[in-house]
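Shown next, in structure tokens, is the structure this report addresses.
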Amino acid sequence: MSKRNLNQMLLVAGLMAGLLSGGVARAQTILPDPVAGVEGKMGTQAGLEAWVEAFRPRALAAGVPAATFDAALRGVEFDPKVVERDRNQNEFSKTIWDYLDTAVSEDRVALGLKAIERNRDLLERIETEFGVEKEVVAAVWGLESAYGTYRGDLSVLGSLATLAYEGRRGAFFEAELIAALRIVEGGHVERFTGSWAGASGHTQFMPSSWEKFAVDFDGDGKKNLWGDDPADALASTANYLRHWGWTKGQPWGVEVKLPERFDYDQTTERVVKQVGEWQAMGVRTVFGEDLADHGPGSILLPGGHRGAAFLIWPNFQVIEKYNTADAYVVAIGSLSDRLRGGPAIQSGWPRELRALTLEERQELQERLTRAGFDAGGVDGRMGPKTVASVKAFQKARGLVPDGYPSLEVLELLR
Ligand code: CA
């Protein structure tokens, strides 16, 4: 690959990291506030400095030594860009196919194969110790930082202090900032930079996740997720996945073909059946083969009935602990398949459909609820309740009830 292509890819990886990807505990941080303070007043450097003074006794009470606190937060800079990102993070969303084009691009697969080759011994030791396949660990690494090449260059302390001070989710970021100060106190990090919401290192851990899950895999006494050597970061990622119940040998999912006249009420993570039952209902792999039995699983249609369908197993929910977006989980799963020499996703996607804007998603929820299909609020998040209400509406109108919140559904409600 030429340097130019590589740079382009890294640029894309960086953009992507802000959109969907970006780290452990993002499952919490990515959740938008129902009343995103878009109109709120922007803070200032002086305001941040006053906030740091007020925060100081709380941090000291939490066990941060005064000298560490003062050295770390003296001169910390207010970053308005971080605030803007925080306020607007849920404004735009991508369709799953646009996301996968970037997340599981041929470049990312090729770089991943090389990264595995370079780190084979390390990844195999991690696989043995934590029971998480090297291709899965590598896929998280590939998506979170393009295999360590894009780790973010914003000051973690600056971002967290800005977000803790700015207040929309102040308590959450204050706790993260205290955890970050403990990382500094222990001398675990030399250059403490990351992406905008405080996720950092090779696999974009939040500081609180570092506290719970980081391991010193190379035995140098530091849990260093930020240096050029990825050993600690990759082992910490495997440790994280193991903690949430990763089952070695169980696929995240497999692409399937549904029979004609399939009952689309069955396509939700909440319907769990034995593989034999799915098989009896006519579900086969996308290549027409019998389904392998990896235990009870669910059918997922992340792009509606005209896109790819997957039979997913509990490892899918383990990846969700990194990031709850279906697109993210499918990307990790598909990339890990590719790194193992497995097939790409075979089915096409309804590429002519565009993603709904935040406004449209809220309008959809409002109109569904008004039409008697309770969408569970108007937060713009297409959660299980909204999907169920879309399904109910589609059924009532005689459409394929796949629960996909398309523009077509919105138009029919208008
Ligand atoms: Ca170490």
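When a residue number appears, it is its place in the shown sequence, counting from 1. Counting convention: from 1, in listed order, for ligands and their atoms alike.
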Can you give each donor-acceptor pair under 3.5 Å made by side-chain atoms of residues 76-83, sequence neighbours left out, with the distance rounded to 0.1 Å?
{"from": "Asp79", "atom 1": "OD1", "to": "Lys81", "atom 2": "N", "distance (Å)": "3.0"}

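- In this structure, Asp86 pairs ionically with Arg168, as a charged nitrogen and a carboxylate oxygen lie closer than 4.0 Å.
- Sorting the N, O or S atoms of Asp216 by how far they are from the Ca ion (ligand 1) puts OD1 first.
- Closest to the Ca ion (ligand 1) among the N, O or S atoms of Asp218 is OD1.
- Asp220 contributes OD1 as its N, O or S atom closest to the Ca ion (ligand 1).
- Proximity of the aromatic rings of Tyr328 and Tyr99 is defined here by a centroid distance below 6.0 angstrom, and this criterion is not met.
- The nearest N/O/S atom of Asp232 to the Ca ion (ligand 1) is OD2.
- Among the atoms of Lys222, an N, O or S atom is found under 3.0 Å from the Ca ion (ligand 1).
- Ion pairing between Arg151 and Asp228 holds under the 4.0 Å rule for side-chain N and carboxylate O.
- Looking at Arg125 and Glu129, no side-chain N of the basic residue comes within less than 4.0 Å of a carboxylate O on the acidic one, giving no salt bridge.
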